[in-house]
Structure formats: C-alpha cells, structure tokens
Amino acid sequence: MMDPANPGAAMAGTPADATVPPANDGSPAGGATDFLAGLRNAESRQWVESKGYKALDPLVESARHADRLQTEYNELKARALTPPAADAGPEEWQAFHARLGRPQTAEGYEFRMPQGLPEGFAYDSDSAGAYRSWAHEAGLTPRQAQSLHDRFVQHQAGQQSTYVQAIVERGEAAQAALTKAWGDRNSQAFRQNVEFADRFIRQNGGEALIGELKSNGLLSPDGYVLSPALAQAMARAGRALYAEDQFATGGVAAQSRSAAETLYPVDPFRR
C-alpha cells in the first residue's frame, strides 16, 4: 500500500513503515562504536574508548594536531644549543662556543671602561690582555666577557681608592708625629732634622735605598714619609755622622735634590 506522505518509498522498494538508516558520517549508530570496526588491536581500541572518542573525525583531528606538535618540537630541538657531552673533543666545544657567539680570537673582545671610575684610575692593560685569553678559553660571549671585565675593574678601582686613602691617612699621622717631635715644619729644628735624614739617605744607598723604603711601605709611592720612627732614626744617624760637615746645616740645599724634596716631595696634607 502506498503511503501518501512518502510515495517514493514504494517506488524504491522500501516498506512504508521501515526505518531508513542514517548516512555514514563516522559517528556511532545506536551507541555502537562502528567506526572502530576495523581496529583489531584490543589495547588500541581500549585506548580510543578511554579518551572518549565517539567518531572517527575528532580522532583523526587529534592525531593531526599531535603530529604538528611533534614536528614543531623536532624543529626547535634541531635549532637548540645543547652542550657537548662530558667526553666531547675540543672540536665539538669550539663549534659550540662559536654558535653561542664567542669571537673567533681573543683579540675579538673589545672592552669598554665602566662608568663611575675614580679620576686617575690606573687601568692595567697587561691584565686586560691576559683576561681576554682566559675569557676566550672559557668560551665567553662578548656580553659575558664585558660584564665580568666591568665587575673586576670596579673592584680594582675600589681597592685602589681604599689604598690611596690609607696612604694619605698614614702620611698625615706621620706628619703629626714628626711635628710633635721636631716642632713646626717651618722651624729650624724641623728643617735641620729633615736635612740630616736626607744626607743619611744620600750617603747610604741613595735612590736604591729610597726604592727599598717605598716597596716596604715606609715611604709612599710619591716619596713622602709613612714611618715617623724611621725618619727620626735616619735624622739621628745623619746628625751623628754629619753634624760637623758644613753640608749638614745648609749645604744640602746645594745638591741636585733638596732634603725636603726627598722626604716630603708631596704635601702629605694634600689629597
């Protein structure tokens, strides 16, 4: 009998009251996992079901997404810098350091002086040259080498400032002790003691003795007294040896360098 609402059903040979199955779009029909019908591995089937996939399309899309992520990871890994193994040879380390940006030679490091250094700071060029070689051996990049260079130079500047301040303070203390023992610097007694000490130095070692006194911290690098006890001892020795000598009380000034220039070439109160 023809169904007036579905005349094509009779023409197609389908009973009017039959249920037409839905189109196969990869989705399960009636709750059955038909899209897994061809999957024979039980563990794989169980894994798919545990992930909640109900159709083939989302499963494939998930797999494609995972594949894209793996491809991106492989590309990043290929570009990544991985340190050589512990037993790697020098060639591998050289190549690794080059990829990091280390200069080809130690001379490739060009250091700038950090800001804030004290006026007159004595930069040690020889030490800087040695540091270049060490930085290159360690594989430092220019940025890393500059950072360590600045830190070390600033540390040296701080030490130098501390040393200079200590020398000034010692010089002031020595000057105070000598003026207490010999009187004011402009007094005759003070000047005579300085001349006796200077004569003793000139006649018993001269420049070599002055160099020894400087290297042992008894005279400053500029040559002024840091040890009042030593200055007084030399003055007493000079008086004992040269008191009768006409050069001991006024004649010293006729020499190429005066007593004041020997013991006080720089005013110890001047900073």
Side-chain angles (χ1 to χ4, degrees), residues 1-115 131-155:
M1 181 176 180
M2 181 182 299
D3 184 355
N6 187 12
M11 295 177 63
T14 303
D17 57 349
T19 302
V20 179
N24 186 8
D25 61 355
S27 300
T33 56
D34 293 344
F35 75 101
L36 297 179
L39 188 60
R40 294 184 175 85
N41 186 287
E43 291 184 358
S44 297
R45 177 184 289 272
Q46 184 179 5
W47 180 86
V48 172
E49 292 175 346
S50 69
K51 297 300 180 181
Y53 292 110
K54 303 299 183 183
L56 189 58
D57 285 347
L59 175 60
V60 173
E61 182 59 32
S62 178
R64 291 178 60 194
H65 179 67
D67 184 67
R68 286 195 299 270
L69 292 179
Q70 184 64 47
T71 300
E72 292 174 0
Y73 170 77
N74 292 338
E75 292 175 352
L76 288 174
K77 186 177 180 180
R79 295 196 301 267
L81 288 175
T82 303
D87 58 349
E91 296 79 7
E92 291 184 59
W93 281 105
Q94 295 292 340
F96 174 71
H97 291 148
R99 289 189 65 190
L100 285 175
R102 183 189 68 173
Q104 186 173 0
T105 64
E107 289 70 23
Y109 294 110
E110 297 181 359
F111 298 135
R112 302 177 303 278
M113 295 297 289
Q115 297 180 350
Y131 170 70
R132 281 186 173 88
S133 298
W134 300 333
H136 194 263
E137 291 174 6
L140 299 185
T141 64
R143 180 185 179 89
Q144 292 169 330
Q146 179 72 57
S147 177
L148 289 178
H149 168 271
D150 291 352
R151 291 289 187 179
F152 185 71
V153 169
Q154 289 166 346
H155 176 70

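Since the structure is predicted, the reported quantities are computational estimates derived from the model, not experimental observations.
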Supply the atom-to-atom distance [X] [atom1] to [Y] [atom2], rounded to the nearest 0.5 angstrom.
X      : Y      : atom1 : atom2 : answer
Leu59  : Leu39  : CG    : CG    : 9.0 Å
Asp87  : Glu92  : CG    : CD    : 8.0 Å
Asn74  : Leu69  : CG    : CG    : 11.0 Å
Glu107 : Ser133 : CD    : OG    : 7.0 Å

Identify the two heavy atoms, one from [X] and one from [Y], that lie closest to each other, and give their separation to 0.1 Å.
X      : Y      : result
Thr141 : Leu100 : CG2-O, 3.5 Å
Phe96  : Pro84  : CG-CD, 3.7 Å
Met113 : Val153 : CE-CG1, 4.3 Å
Trp93  : Pro83  : CH2-CB, 4.5 Å
Ala135 : Tyr109 : O-OH, 3.4 Å
Pro114 : His149 : CD-CE1, 4.4 Å

Item to complete: Verify whether one side chain among Asp150 and Gln154 offers a donor that lies under 3.5 Å from an acceptor in the other.
Response: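 Absent: no donor and acceptor within the cut-off.
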
Discussion item. Looking at Arg68, I want to see if its CZ is surrounded by more than 12 non-hydrogen atoms of other residues, nucleotides or ligands under 6.0 Å.
Written reply: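 Counting other residues, nucleotides and ligands, CZ of Arg68 exceeds 12 neighbours.
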
Discussion item. If you count every heavy atom of other residues, nucleotides or ligands that lies below 6.0 Å from Phe152 atom CZ, does the total exceed 12?
Written reply: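 At most 12 heavy atoms, drawn from other residues, nucleotides or ligands, come within 6.0 Å of this atom.
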
Worksheet item: Side chain of His97, backbone of Pro103: donor and acceptor closer than 3.5 Å?
Response: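 Flag not set: sc His97 to bb Pro103 has no pair under 3.5 Å.
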
Worksheet item: Do the side chain of Thr71 and the main chain of Asp67 share a donor and acceptor less than 3.5 angstrom apart?
Response: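 At least one qualifying donor-acceptor pair exists.
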
Worksheet item: With a 6.0 Å cut-off on ring centres, are Tyr131 and Phe111 close enough?
Response: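 Ring centroids of Tyr131 and Phe111 are less than 6.0 Å from each other.
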
Discussion item. I want to check something: taking the side chain as every heavy atom from C-beta on, are Arg102 and Gln94 in contact at a cut-off of under 4.5 Å?
Written reply: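 The answer is yes; the side chains approach within 4.5 Å.
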
Worksheet item: Can you find a heavy atom in the side chain of Glu61 that is under 4.5 Å from one in the side chain of Arg64?
Response: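 The answer is yes; the side chains approach within 4.5 Å.
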
